[in-house]
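Beneath this line is the structure, given in structure tokens, with notes to follow.
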Number of protein chains: 2
Amino acid sequence: MADVFQLLAEPSRRHLLEALRDGERSVNDLVARTHMSQPSVSKQLRILRDSGVVALRPVGRQHLYSIQGRSLREASEWLSYYERFWQEGLNRMDEALRREPGPKARRKR
Amino acid sequence: MADVFQLLAEPSRRHLLEALRDGERSVNDLVARTHMSQPSVSKQLRILRDSGVVALRPVGRQHLYSIQGRSLREASEWLSYYERFWQEGLNRMDEALRREPGPKARRKR
DNA sequence: GTAACGCATGTCCAAAGGGATATATGTCTA
DNA sequence: TAGACATATATCCCTTTGGACATGCGTTAC
């Protein structure tokens, strides 16, 4: 999985990805939109790029970054296993109670 | 958002959540399934519980944990904004090229 | 050619956080 | 009540990593 979640854990990186939602942006654009320092933006973009979450297209002296969906998809798919936990009013332990009517403790496997 | 992604960033916590996918588990169950030490399991479960990602139901001297979908849903919804980046063959900069036929550099805003 | 611009990188530092170990707390059993 | 069992917590250590700052490198403009 190359730890996509690790990347998304950092608010600064999420802000960058949010700023890239509606298309390519230059580094200076991202600096203005995220209120981060330019070196910080470059540093985090580098990390995102090494992980394949964003792509770089140089245009003159500008570097235009855009989102690369593939890695994010893995995270989304991981989370999809848990959809049932917030659907159909499936709450806390309702499901467990449904599966195991008897209160007897369960042993390994 | 209370940083759900921060929680998911740690592999050990993801392993715990994976072990909880098919229902309630006791701490010892989780220790066996994740190959983590018992104190580590308890420590990470505590963090997950404080964030509302899992719920605790004490039964005798066992503590049964289960998944609480609400927080995970927020992460899933955040990612849903990026679905279009891996759908419809939307690649790298295709989208930008589509939006901006001229190669002239873009200035702020 | 030189200066301004756009971006990347290197270095230092301090804070955060996970694991290991030991120990405390609570519950069941004999 | 004693002891085994299930889990939680406390402390220490060590690694990771984000930000600030300074600087390097390539590109455009004058």
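Order of the sequence lines fixes the chain letters, A, B, ..., with proteins taken first and strands second; residue numbering starts at 1 for each chain.
- One donor-acceptor pair, N or O on each side, does fall under 3.5 Å between the base of C:dA8 and the side chain of A:Gln38.
- Separating the CZ atom of B:Arg13 from the P atom of C:dG19 is a distance of 8 Å, rounded to the nearest angstrom.
- Between B:Arg33 and B:Asp29 there is no salt bridge, since none of the side-chain N atoms of the basic residue sits less than 4.0 Å from a carboxylate O of the acidic one.
- Rounded to an integer number of Å, the gap from CZ of A:Arg46 to C1' of D:dG18 is 17 Å.
- Looking only at atom types and distance, the side chain of A:Trp78 has a donor-acceptor partner in the side chain of B:Glu18 under 3.5 Å away.
- C:dG18 atom C1' lies 14 Å from atom CG of B:Leu45, rounded to whole Å.
- Rounded to an integer number of Å, the gap from CG of B:Leu56 to C1' of D:dA6 is 12 Å.
- Residue contacts for A:Ser37: at a heavy-atom cut-off of 4.0 Å it reaches the sugar-phosphate backbone alone, with no base atom in range.
- In this structure, the nucleotide among C:dC7, D:dT9, D:dA22 sitting nearest to the side chain of A:Pro39 is D:dA22.
- Contact annotation: B:Gln62 side-chain N/O to D:dC5 OP1/OP2 distance is not under 4.0 Å.
- In the set D:dG18, C:dG18, D:dA8, the nucleotide with an atom closest to the side chain of A:Glu10 is D:dG18.
- Taking only side-chain atoms of B:Ser40, from C-beta outward, the nucleotide of C:dG18, C:dA20, C:dC5 with the closest atom is C:dA20.
- For the pair A:Arg25 and A:Tyr65, the cation-pi test (distance below 6.0 Å, angle within 45°) is failed.
- Nucleic acid contact class of B:Arg49 (heavy atoms, under 4.0 Å, all strands): none.
- Between B:Gln6 and C:dG17 there is a side-chain N or O to OP1 or OP2 distance below 4.0 Å.
- The side chain of B:Lys43 sits closest to C:dG18 out of C:dG18, D:dA20, D:dG19.
- Rounded to a whole Å, the CE atom of A:Met36 is 10 Å from the P atom of D:dG18.
- Spacing between atom CG of B:Asp3 and atom P of D:dG18 amounts to 13 Å, rounded to whole angstrom units.
- Atom NE2 of B:His15 is separated from atom C1' of C:dG19 by 14 Å (rounded to the nearest Å).
- Considering every non-hydrogen atom in both A:Ala9 and B:Gln6, the closest pair reads O-OE1, 3.6 Å.
- With C:dC7, D:dA20, D:dG19 as the candidates, the nucleotide lying closest to the side chain of A:Val27 is C:dC7.
- Across every non-hydrogen atom of B:Ser51 and B:Ser71, the tightest pair is O-OG, 3.3 Å.
- Evaluation of atom-type donor-acceptor distances gives a pair under 3.5 Å for the side chain of A:Arg61 against the base of C:dC5.
- Here B:Tyr65 reaches the OP1 or OP2 of D:dA8: one of its side-chain N or O atoms lies under 4.0 Å away.
- An OP1 or OP2 oxygen of C:dG6 is reached within less than 4.0 angstrom by no side-chain nitrogen or oxygen of A:His63.
- In the model, A:Ser40 has no side-chain atom that pairs as donor or acceptor with a side-chain atom of A:Gln44 under 3.5 Å.
- Residue contacts for A:Ile47: at a heavy-atom cut-off of 4.0 Å it reaches the sugar-phosphate backbone alone, with no base atom in range.
- In the set C:dG19, D:dG19, D:dT7, D:dT7 carries the atom at the smallest distance from any side-chain atom of B:Asn28.
- In this structure, CG of A:Asp50 is placed 12 Å from P of C:dA8, rounded to the nearest angstrom.
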